[in-house]
Amino acid sequence: MTQVGEPQDPRSAVRRALLGLKHPKLEKRNFVELGMIPEVRLENRRVIVTLALPVRQTPAREQFEQMVKATASEACPGWPVEVAVRAMTPEERATFSVRAQGRGPGVGDRPAIQNVVAVMSGKGGVGKSSVAGLLACAARRRGLRVGILDADITGPSIPKLFGVHEHPGEGPGGIQPPETRTGIEVMSINLLLPDEDRPVIWRGPLIGRAIQQFWNDIAWGDLDVLIVDLPPGTSDAALTVMQSLPVHGIVLVTSPQDLAAMVVRKAAHMAEQMGVRLYGLVENMSHLLCPHCGRRIDVFGKSGAERIVQQCDVPLLGHIPLDPDLAAKCDHGEIEDYESGSFEAIAEEILEAIGRPHAEREAEVAVPGAAR
Ligand code: ADP
């Protein structure tokens, strides 16, 4: 979202722009994610961007300084920008080197997974898993190689949406994730339990370890995108999972009842902390289309999404109506047969924001068995 004229507080626009600034030598990583931009502040009506370098006298210093200055200046026209260069602290350097290798502590390298997109919500029951599933289906229909990691350990629902119940097999490369009918790889704690209905009552550290194992020990194939269904909420549980994985960006799902500026701000803050992009907000169950006359009914009153995203400076990806057909398909494990114009447009925007996974097929591929 480019601002025209003088933005009120240009800091978030600058930070967001810097998230798009890739390290020239570590192409998949951006400066923020690497901890190279510890601060953006305002001082005497100037924007001061701190650039922290692992080695202060690096030959690339001038180049990096110019890159940061140019990117920040473009994001806040009318504001003078200064770049303050300093050396990283030992802690910052340690984080830098782990992230430069593309992973968090304890997380193995998986160069065959191109993009990791996390789907988050403000609370449970707003349709987070459904959106994660729909996004996977939309990406698959476009011919991308897709996996879903169900990180909602205490409320796993991904296998049910896809009607997948088989236990993962043992393959040459490790534990083999089951595939859905259209070829989406799926991993969920539900697939490991002797009884799918048995509740999992685990706490943070154990959940973090399970997620790391899902990442490290599952023989995921070459994936263009791995979609992570996070635990509900924008607090600790979701953060723990995100810190366990090299997430590239987040999609926030809310319902009109749950939609509050605070939820959006929290998600934006979390994304910032992690140095990843918040691709935007999806408002689910936003309205109902009358099955008889097609008229739109705002069941929960008029949506405040437009106003709130504007306040919080977060993109609005779109609205999904309440749709009994979606609920029925999810219930029957047939989410892959569901297609709707409103979600296709949202998926298109997200895939665009991911930067069109590098391996995207030239033409749309017909996926066997998928609804067209
Ligand atoms: P969460 O992951 O946020 O807990 P789910 O995706 O499991 O939420 O959805 C909760 C319930 O709402 C499910 O039964 C799902 O089928 C249903 N649901 C989600 N989105 C919609 C929608 N747009 N229209 C109708 N039902 C929906």
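As the structure lists them, so they are numbered: ligands from 1, and atoms in each ligand from 1.
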- Message: Let's go through Glu344 and Arg142 carefully: what are the C-alpha distance in whole Å and the side-chain angles of both, what is the deciding distance for salt bridge (Lys or Arg N to Asp or Glu O under 4.0 Å) to 0.1 Å, and is it a yes or a no?
- Response: CA-CA 11 Å; Glu344 283 305 309; Arg142 285 163 175 75; 3.0 Å; yes
- Note on the structure: Among non-hydrogen protein atoms, atom 20 (N) of ligand 1 lies closest to Asn284 ND2, 2.9 Å
- Task: For atom 22 (C) of ligand 1, grab the closest protein heavy atom and report residue, atom and distance to one decimal in Å.
- Result: Leu326 CD2, 3.6 Å
- Query: Below 4.0 angstrom, N of the basic side chain to O of the carboxylate: do Arg277 and Glu33 qualify?
  - Reply: no
- Query: What protein heavy atom is closest to atom 24 (N) of ligand 1, reported as residue, atom name and distance in Å?
  - Reply: Asp323 N, 2.8 Å
- Interatomic distance, CH2@Trp79 vs CZ@Arg46, rounded to 0.5 Å, equals 11.5 Å
- Item | atom 26 (N) of ligand 1: the protein heavy-atom neighbour that sits closest, reported with distance to 0.1 Å | Ala327 CB, 3.5 Å
- Right, does atom 13 (C) of ligand 1 have protein non-hydrogen atoms nearer than 4.0 Å? no
- Query: Taking 4.0 angstrom as the limit, do Arg86 and Glu92 come out as a salt bridge?
  - Reply: yes
- Note on the structure: The protein heavy atom nearest to atom 8 (O) of ligand 1 is Gly127 N, 3.0 Å
- Message: Need the ligand 1 atom indices (1-based, order shown) with element for anything under 4.0 Å from a heavy-atom of Cys330.
- Response: 16 (O)
- Item | Option of least heavy-atom distance to atom 7 (O) of ligand 1 (set: Ser129, Pro231, Ser255, Gly122) | Ser129
- Under 3.5 Å donor-acceptor, Asp150 side chain and Ser157 backbone: yes
- Message: Using 0.5 Å steps for rounding, measure from the CD1 atom of Ile346 to the CG atom of Leu281.
- Response: 9.5 Å
- Query: Using 4.0 Å as the upper bound for N to carboxylate O, is an ion pair formed by Lys69 and Glu65?
  - Reply: no
- Item | Residue-ligand contact Ala132/ligand 1, heavy atom below 4.0 Å | no
- Can you hop from Leu278 to Met120 via hydrophobic side chains spaced under 4.5 Å? yes
- Query: For ligand 1, is any non-hydrogen atom under 4.0 Å from Pro324's backbone (N, CA, C, O), its side chain (CB onward), both, or neither?
  - Reply: neither
- Salt bridge check: are Asp337 and Arg181 linked by an N-O gap of less than 4.0 Å? yes
- Task: Could you pull out, from Lys128, Met285, His287, Lys160, the option with a heavy atom nearest to atom 3 (O) of ligand 1?
- Result: Lys128
- Message: Is there a polar contact, in the sense of an N or O pair closer than 3.5 Å, between Ile320 and ligand 1?
- Response: no
- Task: Could you list which atoms of ligand 1 come closer than 4.0 Å to a heavy atom of Ser130?
- Result: 5 (P), 6 (O), 9 (O), 15 (C), 19 (C)
- Note on the structure: Pro321 heavy atoms within 4.0 Å reach ligand 1 at atoms 22 (C), 23 (N), 24 (N)
- Message: Between Glu336 and Arg140 (salt bridge meaning N to carboxylate O under 4.0 Å), is one present in this structure?
- Response: no
- Message: I need the contact type for Asp152 against ligand 1. Using non-hydrogen atoms and a strict under-4.0 Å cut-off, is it side chain, backbone, both or neither?
- Response: neither
- Identity and distance of the protein heavy atom lying nearest atom 10 (C) of ligand 1: Gly125 O, 4.1 Å
